[in-house]
Amino acid sequence: MAKYRAIPPGFMTVGEVAKKMGVTVRTLQYYDKEGLLSPSAESEGGRRLYTDKDLITLHQIISLKSLGFPLDDIKQHLISLETPSDVANALTEQANNIRKKIDQMTASLTAIEQLKAEVLQMKTVNFKKYADIIVNLQMNNEFYYLIKLFDDDTLDHIRGQFDKKSGLDFMERFNRLSDEIVRLKKDNVPPESEKSQQITKMYWELIMEFTNGDMSMLPKLMEIGQIDTAANAWEEKQKIVNDYLEPALQVYFSRLGVNPFAEAKK
């Protein structure tokens, strides 16, 4: 670190940087201690001196922190700023991160507005269900709106069957399998083919995992899964999945010699 007898032109003290960037001196001292941002120089009197380049690095740190990155991750994201291309790349990365955050916030705002409209149309308020939806919104669970389709008994079952981690894991596996079924449909793979029947078996096993083997839940799931007119991208995909699975499940059950849906109605 270079040392100067006086503060030369182009350098700023820690207090000046703190005031200019809207942070505290203590914050800058902490970033220095953690190896995130060290001053470029020091005066003979021990005053720590920063440059305009340091301000750009500090702006990166502040931006990433505002997006929820922990300090350890920020260290990994900081980009060298030696050339105009380096600065442009740093700004591009920040812009991409901000766009992702905007998309998440926009989706959450839309969902809250939809939930508000539904609440105003109802004669009674189901606080338990609304609490589930809000919690899932905060978790950024893109399938939160499915909660609105479940009755209280099904929601109680879900709460007992899954915690936050296992619930999200289940939905991720369900979504991946749905994507695979869409590909089978697109590629015109026959429902009776070995490949189709393997995927159908995996899908049915997921249903059994969800219900924990309780066949009485099947009529409710069939009602929820019935989509006449898709209202969003997920429902559009699920409609394709349903259209493909209907004959595939008939083949699957006929080979097993069972009809679980008929048994569920007894």
Side-chain angles (χ1 to χ4, degrees), residues 96 99-100 102-104 106-108 110-111 114 118 132-133 136-137 139-151 153-155 157-158 161-162 164-266:
N96 289 338
R99 287 190 189 97
K100 290 179 183 177
I102 290 172
D103 289 342
Q104 292 173 354
T106 300
S108 294
T110 299
Q114 290 173 346
E118 291 170 6
D132 282 337
I133 294 172
N136 278 270
L137 280 171
M139 289 162 51
N140 294 321
N141 179 5
E142 61 178 310
F143 307 108
Y144 68 89
Y145 62 86
L146 293 176
I147 296 170
K148 294 182 290 186
L149 305 178
F150 295 134
D151 60 20
D153 289 341
T154 306
L155 284 175
H157 168 82
I158 293 171
Q161 181 77 353
F162 302 101
K164 174 181 176 181
K165 182 178 179 181
S166 63
L168 288 176
D169 173 71
F170 179 89
M171 289 307 301
E172 287 173 3
R173 287 186 286 129
F174 181 85
N175 205 35
R176 286 198 300 268
L177 199 55
S178 296
D179 289 339
E180 181 63 27
I181 293 171
V182 170
R183 282 192 287 270
L184 293 177
K185 174 77 171 178
K186 182 179 179 182
D187 295 340
N188 294 314
V189 177
E192 65 275 11
S193 69
E194 182 179 352
K195 184 176 182 180
S196 172
Q197 286 300 297
Q198 287 176 345
I199 297 298
T200 301
K201 179 177 183 291
M202 293 171 62
Y203 190 94
W204 180 247
E205 288 173 347
L206 269 186
I207 297 299
M208 289 296 95
E209 179 182 341
F210 180 86
T211 63
N212 200 23
D214 184 356
M215 294 298 182
S216 68
M217 294 186 65
L218 292 181
K220 295 179 182 178
L221 295 182
M222 291 175 63
E223 182 180 350
I224 292 170
Q226 188 66 38
I227 301 171
D228 296 323
T229 303
N232 52 55
W234 189 89
E235 289 186 354
E236 288 177 3
K237 180 171 72 173
Q238 198 57 40
K239 196 171 188 307
I240 295 172
V241 170
N242 292 347
D243 291 343
Y244 186 85
L245 274 179
E246 185 174 353
L249 281 170
Q250 288 177 358
V251 173
Y252 178 71
F253 293 136
S254 67
R255 291 178 180 179
L256 290 179
V258 298
N259 188 342
F261 293 99
E263 294 175 6
K265 295 178 180 178
K266 292 179 180 179

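FYI, the numbering just counts along the sequence from 1.
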All side chain to side chain contact (heavy atoms under 4.5 Å, CB included) counterparts of [X], not counting sequence neighbours:
X    : answer
M208 : W204, T211, M215, L218
N212 : H157, Q161
N188 : none

Item to check | Where L206 and R173 come nearest, the two heavy atoms and their spacing | outcome: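 Between these two residues, the closest heavy atoms are CD2-NH1, 3.3 Å.
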
Checklist entry - Considering all heavy atoms of both residues, which atom of Y244 and which atom of S196 are nearest to each other, and what is their separation? => result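 For Y244 versus S196, the nearest heavy atoms are OH-OG, 3.0 Å.
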
Checklist entry - Can D103 and R99 be counted as an ion pair, charged N to O under 4.0 angstrom? => result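 Result for this pair is no, no salt bridge flagged.
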
Could you pull out every donor-acceptor pair under 3.5 Å between side chains of residues 178-185 and any protein atom, sequence neighbours left out?
| residue | atom | partner | partner atom | Å |
| --- | --- | --- | --- | --- |
| S178 | OG | F174 | O | 2.9 |
| D179 | OD1 | K237 | NZ | 2.9 |
| E180 | OE1 | R183 | NE | 3.3 |
| E180 | OE1 | R183 | NH2 | 2.9 |

Sequence neighbours left out, cut at 3.5 Å: what donor-acceptor pairs do the side chains of residues 245-258 make with other protein atoms?
| residue | atom | partner | partner atom | Å |
| --- | --- | --- | --- | --- |
| S254 | OG | Q250 | O | 3.2 |
| S254 | OG | V251 | O | 2.7 |
| R255 | NH2 | E192 | O | 3.1 |

Checklist entry - Sequence neighbours excluded, which residues qualify as salt bridge (Lys or Arg N to Asp or Glu O under 4.0 Å) partners of K201? => result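 K201 satisfies salt bridge (Lys or Arg N to Asp or Glu O under 4.0 Å) with E205 once adjacent residues are dropped.
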
Checklist entry - Under 3.5 Å, side chain of S193 to main-chain N/O of P190, donor-acceptor pair present? => result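 Yes: the side chain of S193 pairs with the backbone of P190.
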
